[in-house]
Structure formats: structure tokens, C-alpha cells
Q: 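A single structure is presented below for examination.
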Amino acid sequence: MPDQYDVVVVGSVNADLVVGVDRRPAPGETVLGSDLATHPGGKGANQAVAAARLGGRVGIVGRIGDDGHGALLRGALAGAGVDLAHLAVTPGPTGVALITVGPDGDNSIIVSPGANARLTPDDVAAARDMIAAAAVVTFQLEVPMPAIEAAARAAASAGARVVLNLSPTAPVPAEVLALCDPLVVNEHEAAWLLGGPGEPERMARALLRSGPRSAVITLGADGVVVADAEATATIPSPKVEAVDTTGAGDAFTAALCLRLARGDALPDAARYATRVGAAAVRKPGAQTSYPTPGDLPD
Ligand code: ATP
């Protein structure tokens, strides 16, 4: 059976509520901030939108609430062309990220998972046809681990390639880690997994010894390290003027998944994904910054 989807994302869908502040309030204090901006976000939705904007056939398995944020997020995913057949609606609030941006552009974020916390193995079972029709199934850690475990098992038994973006950091069962091809992390997440920082290529090989079939460490402007049983390589990022790095990691992972789905070897997929990550930092926001193939730097 030909793959009907390049990438199926099992993941979070959040509204990002952003307010600029001169300084953060101390406990018991109130400060005035800028006008509220509401943007579609959540690592799962970001990756689905990024892969669809690059021309991928993409589905999402997730949960939104029955509130206005849910409607906004559904609209953003639909607008990018993501298949929403398994985006379920839960009574109650959609996930939100409460983001304050300080004067230096520094973010402080509280995530309220809302409907994302109610994604279950039953939701994954209901989506098994979609998962079985995917070349690549990808997850992040903003939805409950039982749903991720179920999805990893369903993907592997259907012959789909499993990609885990271990973000935010949380313990992952060895059985899930062993299916990852690759495990994708940034430098901080790699250091968390390994118990401390180190030289990136050494860290990638150490990650490989911890169980996944291949490992990718993103290094911001410095590019990415990829490691599998055959080789370890550092791939530089294109030089661009960075305006806002929000969501760059999600754009990178989405592009990596799409190229793997289309048959690229891991280093080739990573090289393409650095171009997509670099394009995403040239514009403000997460989903608003995601490129089409025509927008990519060389
Ligand atoms: P975020 O949390 O901001 O979404 P992240 O920490 O998960 O990102 P990074 O390693 O910062 O991930 O970035 C992911 C990829 O995006 C990098 O591997 C690179 O390809 C691209 N990228 C990020 N920042 C820059 C930059 N300043 N210039 C060029 N490319 C960048």
C-alpha cells in the first residue's frame, strides 16, 4: 500500500498567549504589559503546519478544547492543509502557553496542557488507519506518555519510521527510545539526557549508545550533528539574520521528518532541515515564520 501521509504528528495543540513586559511581577504584585497577542502554537501543531507548508501530506492526532482557542487552532491547521480527522474535541479548555516577553526578548512560559492532557491510547487506537498509512510518525513530549507509547508501538508495527523530538525533557521508556530513528534533541535536552554537557559529536554518539537507532542534536546557528551506526557528522546552518528563533526547532524536526518520508538518507534530510530552521528564524513567530519550499536559503 503506498503511503497516504508523509508525516503523521501525534502531539500538542496550544494557543500561545503573548504579553510584553518591562519586568516580571514579584509574588503578590501586578504590572501592566503590552496588548495580548494570540498565536497558534504547540509543538505538535507547529510541526504539522511546518511539514504541510513544505508540501507534505500531513495528519495530526491530538485534542483541542471546545473553546475559542480550539477554533482558532483548528483554522490554522486546516489553512495549512493538515488532515484533521483525528483532532478530537474535549469539553473544557484548549492547551495554552502563557508567554511573557521581557525587554531583551527573553521568554518566560507557563504551559497549561488543557485538552492535550486528555490524549489517550484510545485516541491513538482510533487513529490507527492514519498511523498505518504514514511513512513517518513523530511525537514530542507535550502529550501524555501512554498515548506516545501506544503511537510508537502502532507506528513500528505498521512499518512507519518513528521520530521522537524529546522536548520538553521527560523520562522516556527504553522500549520507545529503541524505536526512534532518529531521536531529535537540542543541546540542552541532550545534556539533560546524558547528565551533563559535552562536545556535540561525542554527545550524539553517547545518545546513540542510550538506545535510539540514530540521533540528531540541533545546535542553533551552528547547525546540527547527526549520528547513526555508520557515521557521525556535523552539518552547518546557512548564515541568516535571526529575527526570532521561536519554533525553529519544530520547523527543523518537521522538515527532517518530511525528507525522511520522501526517502532521503539522514544526513541529507538534516541538511535540508537546517535550511528550513534557518528560514524560520528570519521572521517573527512560530507558525507565521514557516517557509514554503520557495522561501528557503541556499
Ligand atoms: P526553539 O526552542 O527556539 O524552537 P531549539 O532549541 O529546539 O529551538 P535550535 O537548535 O535552536 O532548536 O534550532 C533548530 C535548528 O534551527 C538549528 O539546527 C538550525 O538549523 C536552525 N537555526 C536556529 N537558530 C538559527 C540561527 N540563528 N541561524 C540559522 N539557523 C538557525
Side-chain angles (χ1 to χ4, degrees), residues 9 11-12 14 16 18 39-51 53-54 97 99 101-102 104-111 138-142 163-170 182-193 197-201 203-204 207 214-227 232-260 264 266-291 295-298:
V9 180
S12 60
N14 288 332
D16 290 347
V18 186
H39 302 296
K43 287 177 184 296
N46 285 350
Q47 294 184 17
V49 165
R53 202 161 288 157
L54 291 167
I99 304 174
V101 183
D104 300 331
D106 47 310
N107 288 338
S108 301
I109 304 176
I110 301 172
V111 173
T138 186
F139 334 93
Q140 320 76 34
L141 299 188
E142 288 186 336
V163 177
L164 172 66
N165 179 201
L166 202 151
S167 179
T169 49
L183 169 71
V184 181
V185 287
N186 67 19
E187 270 185 292
H188 307 291
E189 292 149 358
W192 179 85
L193 273 168
E199 189 276 320
E201 291 201 0
M203 290 176 93
L207 284 180
S214 55
V216 172
I217 305 179
T218 63
L219 309 169
D222 292 334
V224 62
V225 176
V226 299
T232 306
T234 301
I235 297 164
S237 278
K239 297 270 168 287
V240 295
E241 195 186 327
V243 171
D244 178 2
T245 62
T246 311
D250 292 333
F252 174 91
T253 303
L256 184 82
C257 290
L258 178 59
R259 297 307 302 194
L260 291 173
D264 274 11
L266 184 61
D268 297 332
R271 195 166 293 109
Y272 177 83
T274 59
R275 296 170 62 206
V276 174
V281 306
R282 292 196 296 200
K283 291 188 186 164
Q287 293 180 22
T288 44
S289 72
Y290 291 164
D295 300 329
L296 298 182
D298 292 333

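Numbers here are sequence positions counted from 1. Start at 1 and go down the list; that is how both ligands and their atoms are numbered.
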Q: Taking C-beta and beyond as the side chain, do Thr169 and Val185 meet within less than 4.5 Å on heavy atoms?
A: no
Q: Return the closest protein heavy atom for atom 6 (O) of ligand 1 as residue, atom name and distance.
A: Asn186 ND2, 2.9 Å
Q: May I ask you to decide if Gly285's main-chain N or O and Asp244's side chain share a donor-acceptor pair within less than 3.5 Å?
A: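 Yes.
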Q: Is the side chain of Thr274 donor-acceptor paired with the backbone N or O of Ser237 at a distance under 3.5 Å, no angle test?
A: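 Side chain of Thr274 to backbone of Ser237: no pair is present.
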Q: Given 3.5 Å as the limit, does a donor-acceptor pair link the side chain of Thr232 with the main chain of Ala227, or not?
A: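 No, the answer is negative, given that no donor and acceptor are paired below the 3.5 Å cut-off.
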Q: Provide, to 0.1 Å, the distance between atom 15 (C) of ligand 1 and the closest protein heavy atom, together with that atom's residue and name.
A: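 For this ligand atom, the closest protein heavy atom is Phe252 CB, 4.0 Å.
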Q: Quick one about Thr234 and Glu201 (side-chain donor to acceptor, distance below 3.5 Å, no hydrogens or angles considered), yes or no?
A: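 Distance-only check passes for Glu201 and Thr234.
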Q: Residue-level breakdown please: for Leu219 versus ligand 1, do any non-hydrogen atoms fall below 4.0 Å on the side chain, on the backbone, on both, or on neither?
A: backbone
Q: Distance to the ring centre below 6.0 angstrom and angle to the axis at most 45 degrees; does that hold for Arg53 and Tyr290?
A: no
Q: With a cut-off of 4.0 Å, which atoms of ligand 1 are near a heavy atom of Thr245?
A: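 This gives 1 (P), 3 (O), 4 (O) as the contact atoms.
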Q: Less than 3.5 Å between some nitrogen or oxygen of Val224 and one of ligand 1, yes or no?
A: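 No: no nitrogen or oxygen of Val224 is under 3.5 Å from one in ligand 1.
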Q: Is ligand 1 under 4.0 Å from a heavy atom in the side chain of Ser237, in the backbone, in both, or in neither?
A: side chain
Q: Check Lys43, Glu142, Gln47, Glu189 against Asn165 for a side-chain hydrogen bond (donor to acceptor under 3.5 Å, both in side chains) and give me the one that passes.
A: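 Output: one option passes, namely Gln47.
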Q: What's the separation between atom CG in Leu207 and atom CD1 in Ile217, rounded to the nearest 0.5 Å?
A: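 If we round to the nearest 0.5 Å, Leu207:CG and Ile217:CD1 are 4.5 Å apart.
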Q: Is it the case that over 12 heavy atoms from other parts of the model lie below 6.0 angstrom from the CD atom of Glu241?
A: no
Q: Judged by non-hydrogen atoms, does Pro238 sit under 4.0 Å from ligand 1?
A: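 Flag set, Pro238 near ligand 1.
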Q: Using a strict cut-off of 4.0 Å, indicate which atoms of ligand 1 neighbour a heavy atom of Gly247.
A: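 Selected atoms, number and element: 4 (O).
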Q: Within the structure provided, determine whether Ser167 and Thr253 are in side-chain contact (heavy-atom separation under 4.5 Å).
A: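 No; the side chains remain at least 4.5 Å from each other.
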Q: Between Ala286, Ala242, Gly277, Gly223, flag the one that comes closest to atom 18 (O) of ligand 1 by a heavy atom.
A: Gly223
Q: Which residue and non-hydrogen atom of the protein lie closest to atom 12 (O) of ligand 1, and at what distance in Å?
A: Thr218 OG1, 3.4 Å
Q: Which one holds for Thr274 and ligand 1: side chain close, backbone close, both close, or neither close, with close meaning a heavy atom under 4.0 Å?
A: both
Q: Heavy-atom distance to atom 22 (N) of ligand 1: which of Ala273, Ala255, Gly220 wins?
A: Gly220
Q: With a cut-off of 4.0 Å, which atoms of ligand 1 are near a heavy atom of Val240?
A: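 By the 4.0 Å cutoff, the relevant atoms are 28 (N), 29 (C).
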Q: Could any protein non-hydrogen atom be found less than 4.0 Å from atom 2 (O) of ligand 1?
A: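 It does not: no protein heavy atom is found less than 4.0 Å away from atom 2 (O) of ligand 1.
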Q: Do me a favour and list the nearest non-hydrogen protein atom to atom 8 (O) of ligand 1 with residue, atom name and distance?
A: Gly249 N, 3.4 Å
